[in-house]
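Order of the sequence lines fixes the chain letters, A, B, ..., with proteins taken first and strands second; residue numbering starts at 1 for each chain.
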Amino acid sequence: SQQGEEDPQALSIQEGENATMNCSYKTSINNLQWYRQNSGRGLVHLILIRSNEREKHSGRLRVTLDTSKKSSSLLITASRAADTASYFCATGPTSGTYKYIFGTGTRLKVLA
Amino acid sequence: DAGITQSPRHKVTETGTPVTLRCHQTENHRYMYWYRQDPGHGLRLIHYSYGVKDTDKGEVSDGYSVSRSKTEDFLLTLESATSSQTSVYFCAISADRSTEAFFGQGTRLTVV
């Protein structure tokens, strides 16, 4: 079963708007990561947030983590057509494992 | 970009034949992973390696085997290909368990 589950599965917004995607997971984590995948390409790492962090920023990206609710959110501000992609969360390995477990992704479409 | 190369990039094979996919890295990272990506399932972990000759199963390992005889190479073998193994296969690497994973460009495998 998947560790991470993204919500919504698909999102369509206008250029300039903000896009928010959510990720829920089931077990304790060491860190949580967000990746972007453009159509037909490999995944590109966006941002990593550790279990003792609550919020992290990188350019137009803001990630929050609530370990008590086992959830994370990715906010993309002032979206651009180039942000059109699928976005995945992944939970990083905890003690005793080496696995990155991915969710099913959110497909974001930014309309120009 | 992380130095990670998958070969072949595309392959069509017949049911019942063995197939080997290769992942080669130039980063000297300890951890290597094989995932498959299918519509509606996101990325699912097949096998992973935490060192030379150290491998373990992921969540969808049936019908697959792996080998890692050198740090830089991680081979995925489909022992007897089936149509259900038609998928896009991604290799990933990471330096340690608390950092991000880097992905290859993927191999599109079609079993006819």
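- Hydrophobic clustering, with ILVMFWY side chains joined whenever heavy atoms are under 4.5 angstrom apart, groups B:L76 together with B:F102.
- Contacts between B:Q37 and chain A at a heavy-atom distance below 4.5 Å involve the side chain alone, from C-beta outward.
- More than 12 heavy atoms of other residues, nucleotides or ligands sit less than 6.0 Å from atom CD of A:E17.
- Residues A:M21 and A:L61 are members of one and the same hydrophobic cluster, defined by side-chain heavy-atom contacts under 4.5 angstrom among Ile, Leu, Val, Met, Phe, Trp and Tyr.
- Separating the CD atom in B:E100 from the CG atom in A:N31 is a distance of 9.5 Å, to the nearest 0.5 Å.
- Options B:C91, B:S94, B:G106, B:G58 differ in how many heavy-atom pairs under 4.5 Å they form with chain A, and the most are formed by B:S94.
- No more than 12 heavy atoms of other residues, nucleotides or ligands sit less than 6.0 Å from atom CZ of A:R107.
- Looking at every heavy atom in both residues, A:F88 comes nearest to B:G42 through CE2-CA, 4.1 Å.
- Proximity to chain B involves both the backbone and the side chain of A:L43, based on heavy atoms less than 4.5 angstrom apart.
- Rounded to the nearest 0.5 angstrom, B:T99 OG1 and A:N30 CG are separated by 10.0 Å.
- Here the closest heavy-atom approach between residue B:L45 and residue A:K99 is recorded as CD2-CG, 3.6 Å.
- Put simply, the side chain of A:Y35 gets close to the backbone of B:A101: a donor and an acceptor are under 3.5 Å apart.
- A:Q37 touches chain B through its side chain: at least one heavy atom from C-beta onward sits under 4.5 Å away, while N, CA, C and O do not.
- The number of heavy-atom neighbours closer than 6.0 Å to CZ of A:R41, taken from other residues, nucleotides and ligands shown, is 12 or below.
- The neighbour count for A:Q14 CD, taken as heavy atoms of other residues, nucleotides or ligands under 6.0 Å away, is above 12.
- Taking 4.5 Å as the limit, every side-chain heavy atom of A:Y100 sits out of range of all side-chain heavy atoms of B:Y48.
- Hydrophobic cluster membership is shared by B:Y33 and B:V88, with clusters built from Ile, Leu, Val, Met, Phe, Trp and Tyr side chains linked at under 4.5 angstrom.
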